[in-house]
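Encoded as structure tokens, the structure appears first; notes follow it.
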Amino acid sequence: MKPARLTREFFDRSVFAVAPELIGATLLFRGVGGEIVEVEAYHETDPAAHSYGGPRGRNIVMFGPAGYAYVYRSYGIHWCLNFVCEGVGSGAAVLIRALKPVTGLHTMRRRRRTTDERLLCAGPGRLCQALGITGAHYGLALDAPPFELFARTATPAIVTGRRIGITKAVDEPWRYGLAGSRFVSKPFR
DNA sequence: CAGTGGATGCTCT
DNA sequence: GAGCATCCACTGT
């Protein structure tokens with residue numbers, strides 16, 4: 001049977017419920033993508049979150065309804081993709097950090113200029129480059145083209161750990177990964 | 001394997 | 001002007 005599409009209702013819950021359920025789900029962008037193997041949760045009262053301190057500038061979409069894409073530029077170079085969660089005003093989102101590449105491998109290799117499958121989507125910036133996601137896709141709905149999201153068909157073993165690359169709230173264990181996956185951006189300890 | 005530094009552009013809890 | 005939710009190339013174990 002076909003996996004169910006992820007709906008806006010799926011995202012309209014606590015980020016701490018949604019984030020682990022995204023491990024094993026499938027993310028396609030214009031038909032290119034794969035299985036989500038690593039994510040991180042952020043929310044408004046989290047000093048490490050872009051939504052910390054309230055709606056303003058680039059974070060506006062994080063305070064809108066659940067089920068939309070929050071895309072931001074990282075270190076002036078890379079794009080990073082988040083899924084907005086919870087209700088209007090909550091400022092919550094899940095950062096998509098790594099995929100196991102499954103569909104459109106040739107396209108991903110061309111965009112990433114590497115043939116190393118393990119490095120195609122291992123990291124939020126690499127993943128957006130491989131899928132062709134940019135700031136032009138800020139605010140797009142996740143339940144309509146060019147996005148296609150499918151629920152996982154089995155419950156995988158999940159590992160958690162500290163989030164990567166942040167300087168605030170560094171001890172919060174809000175990074176989730178697929179246990180044993182070689183496609184994560186960094187090993188889980 | 002770990003650690004370091006540069007690239008680069010936007011926001012400023 | 002500082003500080004990034006990063007990546008890559010390079011160095012040294």
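Below, chain A is the first sequence line, B the second, and so on; all start at residue 1.
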- Please determine, for B/dG3, whether a Watson-Crick or G-U wobble partner exists with both distances under 3.5 Å, and give it or none. C/dC10

- Check whether any side-chain N or O of A/Arg126 sits under 4.0 Å from OP1 or OP2 of C/dC8, and answer yes or no. yes

- Message: Quick test of the criterion, 5.5 Å between centres and less than 30° between planes. Is A/Tyr72 stacked on C/dA5 or not?
- Response: no

- Task: Let me know the distance between CG of A/Asp116 and C1' of C/dC7, rounded to the nearest Å.
- Result: 14 Å

- Value in whole Å for how far the C1' atom of C/dT6 lies from CG of A/Asn82: 14 Å

- Task: Could you state the atom-to-atom distance from NE2 of A/His78 to P of C/dG3 in whole Å?
- Result: 20 Å

- Pair assignment for C/dA2, Watson-Crick or G-U wobble, requiring both distances under 3.5 Å: B/dT11

- Measure the spacing between CZ of A/Arg118 and NZ of A/Lys100 and express it to the nearest 0.5 Å. 14.5 Å

- Indicate, with a heavy-atom threshold strictly under 4.0 Å, whether A/Pro124 touches base, sugar-phosphate, or nothing. sugar-phosphate

- Query: Within less than 4.0 Å of OP1 or OP2 of C/dC7, is there a side-chain N or O belonging to A/Ser74?
  - Reply: no

- Task: Quick one: label A/Arg163 by what it contacts on the DNA or RNA (base, sugar-phosphate, nothing), any heavy atom closer than 4.0 Å.
- Result: nothing

- Item | B/dA7 base / A/Tyr75 side chain donor-acceptor hit below 3.5 Å | no

